[in-house]
Amino acid sequence: MLVDSYNRVHNYLRISLTDKCNLNCIYCNPNSITNRLEKASQILGYDELLRLINIFSEIGINKIRFTGGEPLVRKGADDFFESLKNKYSDITFCITTNGILLEEKLENIINSGIRKINISLDSLNNDCFIKMTGSSELTRVLSSINKVQEHEINPKINTVIIKGINDNEILDFVGFAIERNLNVRFIEFMPFNCNGIWNKGFMPYTEVKKIIERKFILVKANQDSSEVAKDYKIEGNPGIISFITPISEHFCENCSRLRLTADGSLKFCLFTPEDKKIDLKIYLRDKNYLDSDISQIIVSAIKNKQPERPDIDNLVQLKNLNMLKIGG
Ligand code: SAM
Ligand code: SF4
């Protein structure tokens, strides 16, 4: 079992499949950082990922989410998902995607047995979608959401609200949740160093909630204590509204997450500084290390996980944090 020094059991691994992306979200991948992407040889191969999934499954991981960058831009990702089918009955596999390539890859994804799909969507308005992502493909994302629902899977929608950019769409997103019977999750904007707009753009979830409560009654939904989202039903309506509050009310005390970066480093937190990550690729590529050695390295290293994320002033100053590589 993966237990840290604060008795937190870790059962959830997020794997960044690639640090490449087909969108340029202003809060994650503005054009300026694309030239810092890793070389292909630095990215873990599928065989290395399979080996690590085996190792992690032996030490208590039972939920794995593929993320990125955009996981579906990686060549062979859908074949890789299919190769996992029926191999790990104890692991629930999930994907977080921007939805651009989802519709065309959906059949393979469904065939692989993946049923938990989160789709990021920050605007329902064409012009604002272009402003936020650099892409005019909003209709592709909406069409992917429809297709996923046609398979009787209800995707969760991840929405980052930025003051002055898309905060005028908060009620539109609630309407979208109601109309489509979806779970829309408002995620607080986090200050990664590639987004100098954080100071002006951050909007605490309480402000977002207040705007919603001018028109709707939100009723706290029962939920699993391991879930980081605060879920609410919308009285008298279908759909769920959630708030993910890493900034104003962090959830570190119940953290069960580990993160594997696209280049094979293990991070215990989104905000783990570069010099505190564990480079598993070194051990994977050294024949002297057996799987049992690598699991031992992981089990020991987790004891050094910090009790909680750095405070806001320190967060804003963190350098070299690249959401694409870490996997949001
Ligand atoms: N490309 C995929 C996508 O967009 O869903 C997966 C990777 S993306 C890094 C994962 C999630 O991180 C997305 O929901 C995105 O909105 C969120 N994210 C990225 N940068 C963020 C930031 N600075 N603050 C809050 N959420 C962020
Ligand atoms: Fe790409 Fe996702 Fe980051 Fe947007 S949030 S730039 S889609 S990785």
Side-chain angles (χ1 to χ4, degrees), residues 14-34 36-38 64-74 77 94-102 105 109 114 116-123 128-135 137-138 140-141 144-145 148 155-163 165-167 173 183-205 208 228-229 242-248 250-251 257 259-262 267 270-271 309 312 315-316 318 321-328:
R14 296 174 72 96
I15 298 181
S16 172
L17 268 194
T18 174
D19 57 359
K20 295 200 166 48
C21 191
N22 46 0
L23 293 186
N24 288 106
C25 300
I26 47 174
Y27 51 76
C28 176
N29 184 30
N31 286 324
S32 54
I33 68 162
T34 49
R36 299 210 309 257
L37 298 179
E38 294 290 340
I64 293 183
R65 178 171 298 281
F66 296 108
T67 174
E70 171 49 37
L72 302 185
V73 299
R74 180 157 173 181
C94 326
I95 303 183
T96 296
T97 168
N98 59 29
I100 299 283
L101 296 174
L102 184 58
K105 302 203 182 253
I109 291 172
I114 293 178
K116 292 195 179 286
I117 302 176
N118 291 359
I119 302 174
S120 302
L121 176 63
D122 300 319
S123 179
C128 185
F129 187 85
I130 293 171
K131 192 167 169 185
M132 290 191 77
T133 66
S135 157
E137 311 240 51
L138 170 61
R140 270 177 96 173
V141 183
S144 288
I145 294 172
V148 172
K156 291 183 179 173
I157 307 300
N158 287 348
T159 303
V160 178
I161 294 293
I162 303 186
K163 204 176 254 178
I165 296 191
N166 63 346
D167 56 328
F173 271 103
N183 181 184
V184 171
R185 310 187 322 157
F186 293 108
I187 305 178
E188 281 181 346
F189 180 19
M190 291 183 276
F192 279 81
N193 77 327
C194 55
N195 57 37
I197 54 174
W198 185 78
N199 280 333
K200 270 205 270 172
F202 174 67
M203 192 162 175
Y205 90 94
V208 178
V228 300
S242 307
F243 302 99
I244 302 184
T245 61
I247 301 303
S248 54
H250 70 63
F251 22 81
R257 298 171 174 212
R259 292 166 192 274
L260 183 67
T261 65
K267 287 198 166 207
L270 254 186
F271 304 107
R309 63 148 171 75
I312 296 295
L315 267 190
V316 176
L318 283 176
L321 285 185
N322 175 348
M323 188 71 123
L324 290 161
K325 200 159 80 177
I326 305 167

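Computed from heavy atoms alone, side chains included, the values below leave out hydrogens, waters and symmetry copies. Order of appearance sets the numbers: ligands from 1, and atoms from 1 within every ligand. Index from 1, following the sequence. Remember, predicted model here, so these are calculated numbers, not experimental data.
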From CZ (Arg140) to CD1 (Ile145), nearest 0.5 Å: 13.5 Å
Backbone or side-chain N or O of Thr97 under 3.5 Å from ligand 1 N or O: yes
Separation between CD1 of Ile161 and CG of Asn166, rounded to the nearest 0.5 Å: 4.0 Å
Residues Phe202, Glu188; criterion side-chain contact (heavy atoms from CB on, under 4.5 Å); working and verdict: CA-CA 7 Å; Phe202 174 67; Glu188 281 181 346; 3.9 Å; yes
Geometric class of the Phe186/Phe173 ring pair [parallel <30°, tilted 30-60°, perpendicular >60°]: perpendicular
Any N or O of Tyr27 closer than 3.5 Å to N or O of ligand 1: yes
Contact (N/O only, under 3.5 Å) between Met190 and ligand 1: yes
Contacts of type side chain to side chain donor-acceptor pair (under 3.5 Å), residue Thr67, not counting sequence neighbours: none
For Glu188, atoms of ligand 1 separated by under 4.0 Å from a heavy atom: 24 (N), 25 (C)
Min N/O separation Thr67 to ligand 1 under 3.5 Å: no
Whether over 12 other heavy atoms sit under 6.0 Å from Lys116 NZ: no
Ligand 1 atoms in contact with Val160 (distance to a heavy atom under 4.0 Å): 16 (O), 25 (C), 26 (N)
Proximal ligand 1 atoms for Ser120, defined as those under 4.0 Å from one of its heavy atoms: 3 (C), 4 (O), 5 (O), 13 (C), 14 (O)
Gly69 heavy atom under 4.0 Å from ligand 1: yes
Tally, protein N/O/S atoms nearer to atom 1 (Fe) of ligand 2 than 2.8 Å: 1
Pair Thr97, Glu70: side-chain N/O donor-acceptor within cut-off below 3.5 Å: yes
Test log, rule side-chain contact (heavy atoms from CB on, under 4.5 Å), inputs Leu102 and Ile109: CA-CA 9 Å; Leu102 184 58; Ile109 291 172; 3.8 Å; yes
Numbered atoms and elements of ligand 1 in range of Asn158, under 4.0 angstrom, heavy atoms: 14 (O)
Distance-only side-chain donor-acceptor flag, Asn183 / Ser242, under 3.5 Å: yes
Rounded distance (nearest 0.5 Å) linking atom CD1 of Ile162 with atom CE of Met132: 4.0 Å
